[in-house]
Amino acid sequence: MNEIKDKILKALYLLENEKEKFSDEKFLKYCETVKTNIIKAFKERNLTKDEAKPLLNRVNKLLDLSEKKTITYEEDTKICPNCSTKNRANANFCRKCGHSLK
Ligand SMILES: [Zn+2]
């Protein structure tokens, strides 16, 4: 196994198994980085097409999940008109300033 493939596999493993360690934004960024690295490794012939394809599938799946999660999160929030803090959609009062959100 070459070094680059080993690195990518380790990063994918981390993303797949330790998601909770990342914030949504960081997770998305890390996925994009891994994806870029896979494509780069393929272009530089460090990965064959057969090797790169399943790796890309894995990272795309993670990106897909993460984007869905982010969208759900956005839909699920109520922005406070007073202080612009994000609150849960079912919140009656702002968790920061106590402004009524009804
Ligand atoms: Zn507020």
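For ligands, and for the atoms within them, numbers begin at 1 and follow the listed sequence. Every heavy atom of this structure was used, including side-chain atoms; hydrogens, water molecules and symmetry mates were not. None of these values were measured; they are calculated from a predicted model.
Listed by chain and number, the protein atoms of type N/O/S under 2.8 Å from the Zn ion (ligand 1) are C80 SG, C83 SG, C94 SG, C97 SG; waters are omitted.
Under the 4.5 Å side-chain criterion, counting only non-hydrogen atoms from C-beta, R88 is not in contact with K78. V34 places none of its side-chain heavy atoms less than 4.5 Å from the side chain of L62. The side-chain heavy atoms of L101 and P81, taken from C-beta on, include a pair separated by under 4.5 Å. Using a 4.5 Å cut-off on side-chain heavy atoms (C-beta onward), I8 and I4 make contact.
Every residue meeting the ring-ring contact (aromatic ring centres under 6.0 Å, His included) condition with Y30, not counting sequence neighbours, appears here in chain and number order: F22.
Between K21 and E18 there is a salt bridge, since a side-chain N of the basic residue sits under 4.0 Å from a carboxylate O of the acidic one.
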